[in-house]
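Convention: sequence-line order gives letters A, B, ...; per-chain numbering from 1.
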There are 2 protein chains.
Amino acid sequence: MNHDYICPVEATLEIVGGKYKPLILWHLSGKTLRFGQLQKLLSSATPKMLTKQLRELENDGLIARKVYPVVPPKVEYSLTPLGTSFIPILSSICDWGNNYLKANNICPNCSMTEQK
Amino acid sequence: MNHDYICPVEATLEIVGGKYKPLILWHLSGKTLRFGQLQKLLSSATPKMLTKQLRELENDGLIARKVYPVVPPKVEYSLTPLGTSFIPILSSICDWGNNYLKANNICPNCSMTEQK
DNA sequence: CTGGATCCAAATAGATACTG
DNA sequence: CAGTATCTATTTGGATCCAG
């Protein structure tokens with residue numbers, strides 16, 4: 001299969017631009033989290049949406065999914081090296097966004113506000 | 001109006017994540033372009049879509065729109081300082097995307113491939 | 001030349017219920 | 001616990017035509 005003539009910026013935005021994806025990567029930075037833990041952190045995400053975003057990130061090679069064959073089920077998600085390599089960019093986007101919001105007198109406040 | 005509790009990363013992606021928006025900013029980097037010139041550069045964008053993206057970027061303060069009161073109409077678009085401040089991030093996203101595509105044996109090729 | 005207006009197709013996201 | 005399945009609601013994007 002040939003994918004010539006793809007714009008690198010558009011490709012990147014397709015990979016990390018999905019709803020909840022930046023948040024997922026941010027929360028997984030340095031940690032390993034279970035499905036339920038992610039769901040609590042992204043309280044507004046339905047299981048269906050969260051699963052979809054996780055599968056796509058996994059297929060794009062940014063996160064790893066480890067299934068433990070136990071009852072009840074246990075699944076752990078973590079960043080791959082590729083996923084980790086994107087965190088600095090997320091960080092600079094976060095900085096830019098904070099400046100933008102501050103300039104517009106909007107108070108930024110979310111779990112991504114802390115620095116990594 | 002109060003916009004508390006907005007995530008800076010999500011805010012940023014809303015601002016620059018729209019279709020054609022990264023491309024528009026990239027093309028305007030250091031240049032001033034007319035509507036028709038942008039349309040040629042973004043050949044797949046319909047006038048309606050291009051107008052919509054430009055208006056949103058203008059409302060978010062990333063680009064400036066200058067109308068010359070002549071016949072036929074002449075409108076020029078350029079980056080504001082805020083828009084210019086986003087170019088380095090676009091640049092690092094571009095780098096990351098190129099590495100990603102290369103790692104997957106996909107040949108990147110678009111008007112954003114050149115470095116700024 | 002620079003769009004606006006309208007209509008329509010497709011993609012995306014949410015609510016809810018259910019299961020190994 | 002970690003998801004699926006189904007059905008809708010909403011958003012987004014494209015096609016086409018029109019106008020100052």
Ranking dG3(D), dC1(C), dG13(D) by distance to the side chain of P47(A), first place goes to dG3(D)

Of dG3(D), dC1(C), dG3(C), the nucleotide closest to the side chain of T51(A) is dG3(D)

Atom CD of Q53(B) and atom C1' of dG14(D) are separated, to the nearest Å, by 13 Å

**Message:** If the cut-off is 4.0 Å, is Y20(A) near the phosphate of dT12(C), judged by side-chain N/O to OP1 or OP2?
**Reply:** no

Of the candidates dA2(D), dG3(C), dT6(D), the side chain of K48(A) sits closest to dT6(D)

Picking from dT2(C), dG3(D), dA2(D), the nucleotide nearest the side-chain atoms of R55(A) would be dG3(D)

Think Y77(A) has a side-chain N or O under 4.0 angstrom from the OP1 or OP2 of dC1(D)?
-> no

- Message: For E76(A), is there any backbone N or O sitting under 3.5 Å from a side-chain donor or acceptor partner on T32(A)?
- Response: no

### Message
Using OP1 and OP2 only, check whether a side-chain N or O of R34(B) sits under 4.0 Å from dT2(C).
### Response
yes

L33(A) CG to dC1(D) P, in whole Å, measures 15 Å

Check: If only atom types and distance count, is the side chain of S91(A) paired as donor or acceptor with the main-chain N or O of P88(A) below 3.5 Å?
Finding: no

>> Tell me if a side-chain donor or acceptor on T80(A) pairs with a main-chain N or O of G61(A) at a distance below 3.5 Å.
In response: yes

Pair K21(A) + E56(A): basic N to acidic O under 4.0 Å:
yes

L50(A) CG to dT4(D) C1', in whole Å, measures 14 Å

When rounded to whole Å, the CG to C1' distance for the pair L38(B) and dG3(C) reads 13 Å

Need one value for K19(B): base, sugar-phosphate or nothing, where a base atom within 4.0 Å counts as base even if backbone is also close, heavy atoms only. sugar-phosphate

Closest of dT2(C), dA13(C), dG20(C) to the P73(A) side chain is dG20(C)

Out of dA2(D), dG4(C), dG14(C), minimum distance to the side chain of M49(A) belongs to dG14(C)

Practice problem: State plainly whether one hydrophobic cluster holds both L79(B) and V67(B), where clusters connect Ile, Leu, Val, Met, Phe, Trp and Tyr through side-chain heavy atoms under 4.5 angstrom apart. | Solution: yes

Check every strand shown and say whether Y68(A) touches a base, only sugar-phosphate, or nothing at a heavy-atom separation below 4.0 Å. nothing

When rounded to whole Å, the CD to P distance for the pair E76(B) and dC1(C) reads 15 Å

K52(B) atom NZ is separated from dG4(C) atom P, nearest whole Å, by 13 Å

In whole angstroms, the gap separating P of dG4(C) from CD of Q39(B) amounts to 12 Å

Here the distance between atom P of dA2(D) and atom CG of L42(A), to the nearest Å, is 15 Å

